[in-house]
Novice: 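Handing you this structure, nothing more for now.
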Amino acid sequence: MPQTDKQICIPPELPELLKQFTKAAIRTQPEDLIQWAADYFGAMSRGEIPPVSDRSERVALSNWAELTPELLKILHSRVAGRLIIHVDELAQMWKVLSLPRDLFNSVMNVGRFTEEIEWLKFLALACSSLGVTIAKTLKIVCEVLSSDHDSGPPRIPFSTFQFLYTYIAEVDGEISASHVSRMLAYIEQEIIGPDGLIKVSDFTQNPRVRLE
């Protein structure tokens, strides 16, 4: 009879291997993730340099609009406050703005989204294609989500920042959960005021706040 109580052994190098693969996929944003993954691991098995490229090295096709915080803000307004959006509806919104389909597919793959998409997570990953660091990514997210417009600096609820920072750090894979917890605790206790809002300068200009 088969042994049902046998423990599954996870190779010790597997977590680091998958972490590096995920980071490379985010940086490269391949149009065909499956084929790129085959090329990536094929190169590694041969001792070659994997096919990883930075976003800045790619030239956008002339018939596609370049992703910008302004376009993401328009997209956010069309999502209209919903926490969950269906992939077909979001894909159509993306298409109407003439945004690159390969970038949409890359965000879908990295976020492992299916038919029902958590909008804030999708937005965070889309912003990460513009931000080189986690702090810059969160700055862009804050600017997109802020409803202050011309009345003051971009601000969002600390609870939203907490959710986004935790998620982005988890996807990044190089920041420990304990570090994220310490930073969030410091920000909440020492920076956040009675209104419960966080400004971009609170996490970009304070030397004691190191998100990475």
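In this text, all values refer to a predicted model and were calculated from it rather than measured experimentally.
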Novice: Treating Ser146 as the side-chain partner and Cys142 as the backbone partner, does any N or O pair qualify as donor plus acceptor under 3.5 Å?
Specialist: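 No, because the side chain of Ser146 does not come within donor-acceptor range (under 3.5 Å) of the backbone of Cys142.
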Novice: Find out whether Val107 and Phe113 are in side-chain contact, i.e. whether some heavy atom of one side chain is under 4.5 Å from a heavy atom of the other.
Specialist: yes
Novice: Would you say the side-chain atoms of Trp119 pair up with the backbone N or O of Leu90, donor to acceptor, closer than 3.5 Å?
Specialist: no
Novice: Taking the side chain from Lys19 and the backbone from Glu174, do they hold a donor-acceptor pair closer than 3.5 Å?
Specialist: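 Side chain of Lys19 to backbone of Glu174, a donor-acceptor pair under 3.5 Å: no, none is there.
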Novice: Sub-3.5 Å donor-acceptor pair from the side chain of Thr204 to the main-chain atoms of Val200, do we have one?
Specialist: yes
Novice: Between the main-chain N or O of Asp102 and the side-chain N or O of Ser106, is there a donor-acceptor pair closer than 3.5 Å?
Specialist: no
Novice: Would you kindly confirm whether Ile74 and Leu103 end up in one hydrophobic cluster when ILVMFWY residues are joined by side chain heavy atoms under 4.5 Å apart?
Specialist: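 Both belong to a single hydrophobic cluster.
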Novice: Is the shortest heavy-atom distance from the side chain of Leu130 to the side chain of Thr68 under 4.5 Å?
Specialist: no
Novice: Just checking, is any N or O donor in the side chain of Asp39 or Gln35 under 3.5 Å from an acceptor N or O on the other one?
Specialist: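 Short answer, yes.
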Novice: Is the backbone N or O of Phe203 less than 3.5 Å from a side-chain atom of Asn206, with the two atoms forming a donor-acceptor pair by type?
Specialist: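 Not at all, since once roles are kept as given, no pair shorter than 3.5 Å links the two residues.
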Novice: Verify the neighbour count for atom CZ of Arg210: are there more than 12 heavy atoms of other residues, nucleotides or ligands below 6.0 Å?
Specialist: no
Novice: Is the Phe21-Trp36 ring centre distance short of 6.0 angstrom?
Specialist: yes
Novice: Are any of the side-chain heavy atoms of Phe161 and Leu184 separated by less than 4.5 Å?
Specialist: yes
Novice: Check whether any side-chain heavy atom of Met108 lies under 4.5 Å from a side-chain heavy atom of Leu125, and answer yes or no.
Specialist: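 A side-chain contact under 4.5 Å is absent here.
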Novice: May I ask you to decide if Leu83's main-chain N or O and Glu118's side chain share a donor-acceptor pair within less than 3.5 Å?
Specialist: no
Novice: Identify the heavy atoms of Cys127 and Ile140 that sit nearest to each other, and give their distance.
Specialist: SG-CG2, 3.6 Å
Novice: Find out if a path of hydrophobic residues (ILVMFWY) with successive side-chain heavy-atom gaps under 4.5 Å connects Leu120 to Ile84.
Specialist: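 Cluster IDs for Leu120 and Ile84 differ.
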Novice: State whether the number of non-hydrogen atoms from other residues, nucleotides or ligands found under 6.0 Å of Glu116 atom CD is greater than 12.
Specialist: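 Above 12, so yes.
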Novice: With a cut-off of 6.0 Å (strictly less than), are more than 12 heavy atoms of other residues, nucleotides or ligands near CD1 of Ile10?
Specialist: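 For Ile10, atom CD1 is not crowded (no more than 12 foreign heavy atoms under 6.0 Å).
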Novice: Judged by atom type as modelled, is there a donor-acceptor pair below 3.5 Å linking the side chain of Arg78 to the main-chain atoms of Leu75?
Specialist: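 Checking the backbone N and O of Leu75 against the side chain of Arg78, no donor-acceptor pair under 3.5 Å is found.
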